[in-house]
There are 2 protein chains.
Amino acid sequence: MTYSIKEVSEKVGLSIYTLRFYDKQGLLPFVARNQVGYREFTDGDLNIIHTICCLKDTGMKINDIREYVNDIMAGPTTIAHRQQLLSEHRAEVLTKQQKIADNLREIDYKLEMYEADDSFEQVSREIQFASREKEQNHLENPYKITNKS
Amino acid sequence: MTYSIKEVSEKVGLSIYTLRFYDKQGLLPFVARNQVGYREFTDGDLNIIHTICCLKDTGMKINDIREYVNDIMAGPTTIAHRQQLLSEHRAEVLTKQQKIADNLREIDYKLEMYEADDSFEQVSREIQFASREKEQNHLENPYKITNKS
DNA sequence: ATAAACCCTAGATAATACTCTAGGGAAAGC
DNA sequence: GCTTTCCCTAGAGTATTATCTAGGGTTTAT
(Lines give C-alpha, C1' and ligand atoms only; values in the text may rest on other atoms or scores of the structure.)
Protein backbone atom coordinates (compact mmCIF):
# COMPACT_ATOMS: atom_id res chain seq x y z
CA MET A 1 0.00 0.00 0.00
CA THR A 2 1.47 3.35 -1.06
CA TYR A 3 0.06 6.85 -1.30
CA SER A 4 0.20 9.58 -3.92
CA ILE A 5 1.31 13.06 -3.02
CA LYS A 6 -2.30 14.21 -3.04
CA GLU A 7 -3.34 11.53 -0.57
CA VAL A 8 -0.45 12.38 1.71
CA SER A 9 -1.32 16.05 1.46
CA GLU A 10 -4.81 15.30 2.74
CA LYS A 11 -3.59 12.92 5.42
CA VAL A 12 -0.95 15.15 6.98
CA GLY A 13 -2.44 18.58 6.32
CA LEU A 14 0.39 19.96 4.23
CA SER A 15 -0.28 21.31 0.76
CA ILE A 16 1.12 19.46 -2.24
CA TYR A 17 3.28 22.52 -2.82
CA THR A 18 4.70 22.29 0.66
CA LEU A 19 5.42 18.58 0.35
CA ARG A 20 7.32 19.16 -2.88
CA PHE A 21 9.07 22.11 -1.27
CA TYR A 22 10.13 19.94 1.67
CA ASP A 23 11.40 17.32 -0.72
CA LYS A 24 13.42 19.98 -2.56
CA GLN A 25 14.83 21.06 0.80
CA GLY A 26 16.01 17.54 1.51
CA LEU A 27 13.44 16.76 4.19
CA LEU A 28 12.01 13.77 2.37
CA PRO A 29 14.99 11.75 1.08
CA PHE A 30 13.16 8.56 2.03
CA VAL A 31 10.33 9.03 -0.46
CA ALA A 32 10.65 6.68 -3.42
CA ARG A 33 9.64 7.30 -7.02
CA ASN A 34 7.79 4.97 -9.33
CA GLN A 35 8.85 4.26 -12.89
CA VAL A 36 7.57 7.52 -14.34
CA GLY A 37 8.97 9.67 -11.55
CA TYR A 38 5.88 10.00 -9.35
CA ARG A 39 6.46 10.00 -5.60
CA GLU A 40 5.15 6.93 -3.78
CA PHE A 41 4.76 7.30 -0.04
CA THR A 42 4.69 4.36 2.37
CA ASP A 43 3.18 4.28 5.84
CA GLY A 44 6.67 4.49 7.27
CA ASP A 45 7.20 7.66 5.25
CA LEU A 46 4.04 9.09 6.78
CA ASN A 47 5.40 8.39 10.25
CA ILE A 48 8.54 10.37 9.56
CA ILE A 49 6.54 13.18 7.96
CA HIS A 50 4.47 13.27 11.09
CA THR A 51 7.62 13.71 13.15
CA ILE A 52 8.76 16.42 10.76
CA CYS A 53 5.48 18.24 11.37
CA CYS A 54 5.98 17.96 15.14
CA LEU A 55 9.37 19.58 14.84
CA LYS A 56 8.20 22.21 12.39
CA ASP A 57 5.15 23.11 14.48
CA THR A 58 7.32 23.60 17.53
CA GLY A 59 9.46 26.03 15.57
CA MET A 60 12.40 23.96 14.39
CA LYS A 61 14.05 25.38 11.28
CA ILE A 62 14.04 23.37 8.09
CA ASN A 63 17.83 23.13 8.11
CA ASP A 64 17.77 21.51 11.53
CA ILE A 65 14.96 19.17 10.58
CA ARG A 66 17.01 18.07 7.62
CA GLU A 67 19.87 17.21 9.92
CA TYR A 68 17.57 15.07 12.00
CA VAL A 69 16.13 13.34 8.95
CA ASN A 70 19.61 12.63 7.69
CA ASP A 71 20.35 10.99 11.01
CA ILE A 72 17.32 8.80 10.58
CA MET A 73 18.50 7.77 7.14
CA ALA A 74 21.96 6.90 8.43
CA GLY A 75 20.73 4.30 10.89
CA PRO A 76 21.23 3.63 14.59
CA THR A 77 24.80 4.92 14.75
CA THR A 78 23.41 8.45 14.82
CA ILE A 79 21.30 7.97 17.94
CA ALA A 80 23.52 10.15 20.11
CA HIS A 81 23.32 12.98 17.63
CA ARG A 82 19.55 12.68 17.27
CA GLN A 83 19.28 12.79 21.02
CA GLN A 84 21.36 15.92 21.14
CA LEU A 85 19.30 17.64 18.46
CA LEU A 86 16.02 16.73 20.09
CA SER A 87 17.00 17.61 23.62
CA GLU A 88 18.34 20.99 22.53
CA HIS A 89 15.14 21.57 20.66
CA ARG A 90 13.13 20.41 23.64
CA ALA A 91 14.82 23.02 25.82
CA GLU A 92 14.00 25.73 23.30
CA VAL A 93 10.38 24.65 23.18
CA LEU A 94 10.14 24.73 26.97
CA THR A 95 11.57 28.24 27.01
CA LYS A 96 9.15 29.33 24.35
CA GLN A 97 6.25 27.74 26.20
CA GLN A 98 7.16 29.67 29.31
CA LYS A 99 7.43 32.92 27.39
CA ILE A 100 4.07 32.39 25.75
CA ALA A 101 2.49 31.62 29.11
CA ASP A 102 3.93 34.81 30.58
CA ASN A 103 2.76 36.92 27.68
CA LEU A 104 -0.63 35.32 27.83
CA ARG A 105 -0.99 36.41 31.43
CA GLU A 106 -0.35 39.97 30.39
CA ILE A 107 -2.89 39.72 27.62
CA ASP A 108 -5.38 38.35 30.11
CA TYR A 109 -4.63 41.26 32.39
CA LYS A 110 -5.43 43.70 29.58
CA LEU A 111 -8.59 41.80 28.76
CA GLU A 112 -9.73 41.96 32.37
CA MET A 113 -9.29 45.68 32.28
CA TYR A 114 -11.35 46.01 29.12
CA GLU A 115 -14.04 43.78 30.59
CA ALA A 116 -14.26 45.66 33.87
CA ASP A 117 -17.30 47.79 34.70
CA ASP A 118 -15.17 50.90 34.90
CA SER A 119 -13.10 50.11 31.82
CA PHE A 120 -13.94 53.47 30.30
CA GLU A 121 -12.58 55.27 33.34
CA GLN A 122 -9.49 53.07 33.56
CA VAL A 123 -8.63 53.59 29.92
CA SER A 124 -9.32 57.30 30.18
CA ARG A 125 -6.97 57.57 33.11
CA GLU A 126 -4.32 55.70 31.19
CA ILE A 127 -4.48 57.97 28.20
CA GLN A 128 -4.58 61.08 30.34
CA PHE A 129 -1.50 59.93 32.16
CA ALA A 130 0.30 59.37 28.88
CA SER A 131 -0.85 62.76 27.59
CA ARG A 132 0.38 64.53 30.68
CA GLU A 133 3.70 62.77 30.40
CA LYS A 134 4.08 64.04 26.86
CA GLU A 135 3.25 67.58 27.88
CA GLN A 136 5.61 67.51 30.84
CA ASN A 137 8.39 66.60 28.48
CA HIS A 138 7.35 69.32 26.01
CA LEU A 139 6.51 66.75 23.37
CA GLU A 140 3.68 66.71 20.93
CA ASN A 141 0.65 64.87 22.27
CA PRO A 142 -0.30 62.15 19.80
CA TYR A 143 -3.50 61.04 21.50
CA LYS A 144 -6.77 61.98 19.92
CA ILE A 145 -8.83 62.36 23.06
CA THR A 146 -7.56 64.60 25.78
CA ASN A 147 -10.76 66.27 26.92
CA LYS A 148 -9.09 66.65 30.26
CA SER A 149 -5.83 68.51 30.75
CA MET B 1 12.58 61.85 31.51
CA THR B 2 12.73 60.55 27.96
CA TYR B 3 14.81 57.90 26.23
CA SER B 4 16.73 57.78 22.97
CA ILE B 5 16.15 54.98 20.50
CA LYS B 6 19.34 53.32 21.65
CA GLU B 7 18.26 53.31 25.27
CA VAL B 8 14.89 51.89 24.34
CA SER B 9 16.57 49.27 22.22
CA GLU B 10 18.53 48.10 25.24
CA LYS B 11 15.56 48.27 27.58
CA VAL B 12 13.10 46.31 25.48
CA GLY B 13 15.44 43.99 23.63
CA LEU B 14 14.56 45.07 20.13
CA SER B 15 17.28 46.26 17.78
CA ILE B 16 17.33 49.91 16.71
CA TYR B 17 16.59 48.65 13.22
CA THR B 18 13.53 46.85 14.44
CA LEU B 19 12.26 49.85 16.37
CA ARG B 20 12.58 52.03 13.30
CA PHE B 21 10.98 49.31 11.23
CA TYR B 22 8.05 49.12 13.63
CA ASP B 23 7.70 52.88 13.47
CA LYS B 24 7.67 52.71 9.68
CA GLN B 25 4.97 50.05 9.92
CA GLY B 26 2.80 52.33 12.02
CA LEU B 27 3.28 50.48 15.30
CA LEU B 28 4.73 53.47 17.13
CA PRO B 29 2.54 56.48 16.22
CA PHE B 30 2.79 57.64 19.83
CA VAL B 31 6.53 58.29 19.73
CA ALA B 32 7.32 62.02 19.62
CA ARG B 33 10.22 63.72 17.87
CA ASN B 34 12.45 66.47 19.23
CA GLN B 35 13.30 69.61 17.28
CA VAL B 36 15.87 67.97 15.05
CA GLY B 37 13.72 64.94 14.31
CA TYR B 38 15.13 62.48 16.85
CA ARG B 39 12.66 60.12 18.49
CA GLU B 40 12.04 60.74 22.18
CA PHE B 41 10.43 57.89 24.08
CA THR B 42 8.51 58.35 27.34
CA ASP B 43 7.86 55.72 29.99
CA GLY B 44 4.30 55.48 28.73
CA ASP B 45 5.69 54.71 25.27
CA LEU B 46 7.76 51.92 26.79
CA ASN B 47 4.62 50.44 28.32
CA ILE B 48 2.91 50.27 24.97
CA ILE B 49 6.02 48.87 23.33
CA HIS B 50 6.04 46.21 26.00
CA THR B 51 2.49 45.30 25.09
CA ILE B 52 3.46 45.24 21.42
CA CYS B 53 6.20 42.75 22.29
CA CYS B 54 3.71 40.58 24.16
CA LEU B 55 1.50 40.45 21.11
CA LYS B 56 4.38 39.91 18.70
CA ASP B 57 5.92 37.18 20.83
CA THR B 58 2.64 35.30 20.92
CA GLY B 59 2.52 35.41 17.15
CA MET B 60 0.30 38.36 16.34
CA LYS B 61 0.96 39.79 12.89
CA ILE B 62 2.21 43.36 12.59
CA ASN B 63 -0.92 44.42 10.73
CA ASP B 64 -3.09 43.28 13.63
CA ILE B 65 -0.84 44.89 16.19
CA ARG B 66 -1.17 48.15 14.28
CA GLU B 67 -4.91 47.91 14.53
CA TYR B 68 -4.67 47.47 18.28
CA VAL B 69 -2.25 50.38 18.62
CA ASN B 70 -4.55 52.57 16.58
CA ASP B 71 -7.33 51.69 19.01
CA ILE B 72 -5.13 52.81 21.87
CA MET B 73 -4.46 56.10 20.14
CA ALA B 74 -8.15 56.69 19.54
CA GLY B 75 -9.10 56.60 23.20
CA PRO B 76 -11.65 54.75 25.30
CA THR B 77 -14.33 54.60 22.61
CA THR B 78 -12.42 51.70 21.04
CA ILE B 79 -12.53 49.46 24.09
CA ALA B 80 -15.00 47.02 22.57
CA HIS B 81 -12.83 46.61 19.50
CA ARG B 82 -9.66 46.15 21.54
CA GLN B 83 -11.44 43.51 23.55
CA GLN B 84 -12.46 41.72 20.41
CA LEU B 85 -8.95 41.79 18.97
CA LEU B 86 -7.38 40.55 22.18
CA SER B 87 -9.87 37.83 22.90
CA GLU B 88 -9.59 36.48 19.36
CA HIS B 89 -5.85 36.53 19.72
CA ARG B 90 -6.08 34.90 23.12
CA ALA B 91 -8.02 32.00 21.63
CA GLU B 92 -5.38 31.55 18.95
CA VAL B 93 -2.64 31.54 21.55
CA LEU B 94 -4.46 28.91 23.59
CA THR B 95 -4.82 26.73 20.52
CA LYS B 96 -1.18 27.13 19.73
CA GLN B 97 -0.19 26.35 23.30
CA GLN B 98 -2.15 23.14 23.15
CA LYS B 99 -0.58 22.16 19.87
CA ILE B 100 2.90 22.82 21.17
CA ALA B 101 2.19 20.78 24.29
CA ASP B 102 0.97 17.88 22.15
CA ASN B 103 3.98 18.01 19.88
CA LEU B 104 6.27 18.25 22.86
CA ARG B 105 4.90 15.01 24.20
CA GLU B 106 5.79 13.30 20.94
CA ILE B 107 9.27 14.75 21.05
CA ASP B 108 9.62 13.48 24.59
CA TYR B 109 8.50 10.07 23.43
CA LYS B 110 11.23 10.02 20.78
CA LEU B 111 13.78 11.18 23.33
CA GLU B 112 12.80 8.41 25.70
CA MET B 113 13.37 5.93 22.95
CA TYR B 114 16.83 7.32 22.21
CA GLU B 115 17.69 7.30 25.90
CA ALA B 116 16.55 3.72 26.48
CA ASP B 117 19.08 0.99 27.13
CA ASP B 118 18.01 -0.88 24.04
CA SER B 119 17.78 2.23 21.82
CA PHE B 120 20.08 0.67 19.26
CA GLU B 121 17.81 -2.34 18.92
CA GLN B 122 14.66 -0.21 18.81
CA VAL B 123 16.03 2.06 16.12
CA SER B 124 17.35 -0.89 14.16
CA ARG B 125 13.96 -2.51 14.23
CA GLU B 126 12.37 0.71 13.04
CA ILE B 127 14.66 1.07 10.08
CA GLN B 128 14.35 -2.61 9.19
CA PHE B 129 10.61 -2.30 9.20
CA ALA B 130 10.78 0.72 6.92
CA SER B 131 13.21 -1.07 4.61
CA ARG B 132 11.01 -4.12 4.38
CA GLU B 133 8.04 -1.92 3.60
CA LYS B 134 9.92 -0.36 0.71
CA GLU B 135 10.91 -3.73 -0.65
CA GLN B 136 7.41 -5.13 -0.35
CA ASN B 137 6.18 -2.26 -2.46
CA HIS B 138 8.99 -2.77 -4.99
CA LEU B 139 10.47 0.63 -4.19
CA GLU B 140 14.07 1.63 -3.91
CA ASN B 141 15.37 1.35 -0.35
CA PRO B 142 16.78 4.72 0.69
CA TYR B 143 18.20 3.59 4.04
CA LYS B 144 21.93 3.24 4.35
CA ILE B 145 22.04 0.42 6.84
CA THR B 146 20.12 -2.70 6.11
CA ASN B 147 22.53 -5.34 7.30
CA LYS B 148 19.50 -7.48 7.92
CA SER B 149 17.02 -8.33 5.18
C1' DA C 1 -9.10 8.41 -28.23
C1' DT C 2 -10.09 12.22 -25.70
C1' DA C 3 -11.28 14.87 -21.57
C1' DA C 4 -10.46 15.37 -16.76
C1' DA C 5 -7.65 14.78 -13.09
C1' DC C 6 -2.99 13.76 -11.65
C1' DC C 7 1.99 13.93 -11.55
C1' DC C 8 6.66 16.20 -12.54
C1' DT C 9 10.42 20.10 -12.61
C1' DA C 10 12.39 24.63 -12.69
C1' DG C 11 11.98 28.80 -11.55
C1' DA C 12 9.18 33.02 -10.45
C1' DT C 13 6.51 35.32 -6.90
C1' DA C 14 4.78 36.29 -2.31
C1' DA C 15 4.44 37.22 2.58
C1' DT C 16 6.65 38.35 6.70
C1' DA C 17 9.91 40.39 9.43
C1' DC C 18 13.69 42.10 9.71
C1' DT C 19 18.65 44.00 8.70
C1' DC C 20 21.79 46.80 6.45
C1' DT C 21 23.73 50.67 3.40
C1' DA C 22 24.28 55.20 1.78
C1' DG C 23 24.16 59.78 2.54
C1' DG C 24 23.75 63.32 5.68
C1' DG C 25 23.06 65.94 10.08
C1' DA C 26 23.56 66.53 15.47
C1' DA C 27 25.71 66.08 20.07
C1' DA C 28 29.19 65.21 23.48
C1' DG C 29 33.86 64.86 25.08
C1' DC C 30 38.49 66.66 24.87
C1' DG D 1 37.54 72.48 16.35
C1' DC D 2 37.65 67.80 15.78
C1' DT D 3 36.64 63.05 16.60
C1' DT D 4 33.51 59.78 18.13
C1' DT D 5 29.11 58.46 18.72
C1' DC D 6 24.69 59.17 18.00
C1' DC D 7 20.40 60.21 15.16
C1' DC D 8 17.66 60.40 10.66
C1' DT D 9 15.50 58.65 6.00
C1' DA D 10 14.94 56.01 1.88
C1' DG D 11 15.52 52.22 -0.08
C1' DA D 12 18.10 47.88 -0.98
C1' DG D 13 19.07 43.28 0.61
C1' DT D 14 18.32 38.94 3.36
C1' DA D 15 16.16 34.94 5.46
C1' DT D 16 12.59 31.80 5.81
C1' DT D 17 8.76 29.45 4.36
C1' DA D 18 5.38 28.78 1.20
C1' DT D 19 2.78 29.20 -3.11
C1' DC D 20 2.13 29.58 -7.93
C1' DT D 21 3.13 29.30 -13.14
C1' DA D 22 4.64 27.36 -17.31
C1' DG D 23 5.47 23.60 -19.86
C1' DG D 24 5.01 18.93 -20.29
C1' DG D 25 4.00 13.87 -19.38
C1' DT D 26 0.55 10.04 -17.17
C1' DT D 27 -3.64 7.77 -15.73
C1' DT D 28 -8.46 6.98 -15.58
C1' DA D 29 -12.90 6.85 -17.18
C1' DT D 30 -16.01 7.24 -20.78
Side-chain angles (χ1 to χ4, degrees), chain A residues 1-29 31-42 45 49 52-69 89 92 96 99 103 137-140, chain B residues 1-29 31-42 45 49 52-69 89 92 96 99 103 137-140:
Chain A
M1 184 54 193
T2 63
Y3 309 98
S4 71
I5 194 168
K6 193 190 182 203
E7 289 168 322
V8 174
S9 165
E10 286 156 2
K11 271 177 189 291
V12 304
L14 296 175
S15 75
I16 293 177
Y17 294 144
T18 300
L19 284 167
R20 288 205 268 243
F21 169 68
Y22 283 179
D23 199 2
K24 246 190 260 188
Q25 296 302 307
L27 262 50
L28 313 180
V31 176
R33 303 296 185 111
N34 68 13
Q35 280 147 340
V36 294
Y38 289 16
R39 293 174 185 84
E40 283 198 23
F41 296 79
T42 62
D45 293 348
I49 292 174
I52 289 172
C53 289
C54 275
L55 297 175
K56 188 205 67 167
D57 289 343
T58 48
M60 190 183 275
K61 290 273 187 290
I62 284 182
N63 284 347
D64 292 334
I65 299 177
R66 177 172 44 230
E67 238 188 283
Y68 181 72
V69 170
H89 180 60
E92 283 167 24
K96 190 159 58 175
K99 208 166 142 195
N103 287 328
N137 287 294
H138 314 293
L139 299 171
E140 202 191 308
Chain B
M1 184 56 193
T2 63
Y3 308 99
S4 71
I5 195 169
K6 194 191 184 204
E7 290 168 321
V8 174
S9 166
E10 286 157 1
K11 271 176 190 290
V12 305
L14 296 174
S15 74
I16 292 178
Y17 294 143
T18 301
L19 284 167
R20 288 204 268 245
F21 169 69
Y22 283 180
D23 199 2
K24 244 191 262 189
Q25 296 301 308
L27 261 49
L28 313 180
V31 176
R33 302 299 183 110
N34 69 13
Q35 279 148 341
V36 295
Y38 289 16
R39 292 174 186 84
E40 282 196 25
F41 297 77
T42 62
D45 293 349
I49 291 174
I52 288 172
C53 289
C54 275
L55 298 175
K56 187 204 69 167
D57 290 342
T58 48
M60 190 184 276
K61 291 274 188 287
I62 283 182
N63 284 348
D64 292 335
I65 298 177
R66 178 172 42 229
E67 238 188 283
Y68 181 71
V69 170
H89 180 59
E92 284 168 23
K96 191 158 55 176
K99 209 165 142 195
N103 287 328
N137 287 293
H138 314 293
L139 300 171
E140 202 193 309

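Reminder, nothing fancy here: chain letters follow the sequence lines and each chain counts from 1.
Rounded to whole angstrom, the span from the CG atom of B:Asp23 across to the P atom of C:dT19 amounts to 17 Å. Between A:Tyr3 atom OH and C:dC7 atom P the separation is 15 Å, expressed in whole Å. Rounded to whole Å, the distance from CD1 on B:Ile16 to C1' on D:dC8 is 12 Å. The CD1 atom of A:Ile5 sits 20 Å away from the P atom of D:dG25 (whole-angstrom rounding). Between A:Leu19 atom CG and D:dT19 atom P the separation is 10 Å, expressed in whole Å. Taking atom CD on A:Gln35 and atom C1' on C:dC7, their separation rounds to 15 Å, with Å as the unit. Rounded to whole angstrom, the span from the CG atom of A:Leu27 across to the P atom of D:dT17 amounts to 9 Å. Atom CD1 in B:Ile62 sits roughly 11 Å away from atom P in C:dT19 (whole-Å rounding).
Nucleotides of DNA chain D nearest to A:Ser15 and B:Tyr38 differ in position, and the one nearer the 5' end is that of B:Tyr38. Nearest-nucleotide mapping onto DNA chain D: of B:Val36 and A:Asn34, the residue sitting toward the 5' end is B:Val36.
Between A:Asp64 and A:His89 the shortest side-chain heavy-atom distance does not fall below 4.5 Å. The side-chain heavy atoms of A:Lys56 and A:Ile65, taken from C-beta on, include a pair separated by under 4.5 Å. Side-chain contact between A:Phe41 and A:Ile5 is present, with at least one heavy-atom pair separated by less than 4.5 Å.
Distances shorter than 4.0 Å separate none of the side-chain N or O atoms of B:Ser4 from OP1 or OP2 on D:dC6. B:Thr18 has no side-chain polar atom (N or O) that falls below the 4.0 Å cut-off from OP1 or OP2 of C:dA17.
In this structure, the nucleotide among D:dC6, C:dT21, C:dC7 sitting nearest to the side chain of B:Lys6 is D:dC6. Here the side chain of A:Tyr17 is nearest to one of D:dT19, D:dA18, C:dA27, namely D:dT19. Taking only side-chain atoms of A:Arg39, from C-beta outward, the nucleotide of C:dT9, D:dT21, D:dA18 with the closest atom is C:dT9. Distance from the side chain of A:Phe21 is smallest for D:dT19 among the nucleotides C:dC8, D:dC8, D:dT19. Among the nucleotides C:dT9, D:dT17, C:dC20, the one closest to any side-chain atom of A:Arg33 is C:dT9. Looking at the side chain of A:Lys24, the nearest of the listed nucleotides D:dC20, C:dC8, C:dG11 is C:dG11.
Contact check on B:Arg33 versus B:Asp23 returns a salt bridge, with a Lys/Arg side-chain nitrogen under 4.0 Å from an Asp/Glu carboxylate oxygen.
At the heavy-atom level, B:Arg20 lies under 4.0 Å from base atoms of the strands shown.
Of the candidates A:Leu28, A:Leu14, A:Leu27, A:Ile62, A:Ile62 is the only one forming a side-chain contact (heavy atoms from CB on, under 4.5 Å) with A:Phe21.
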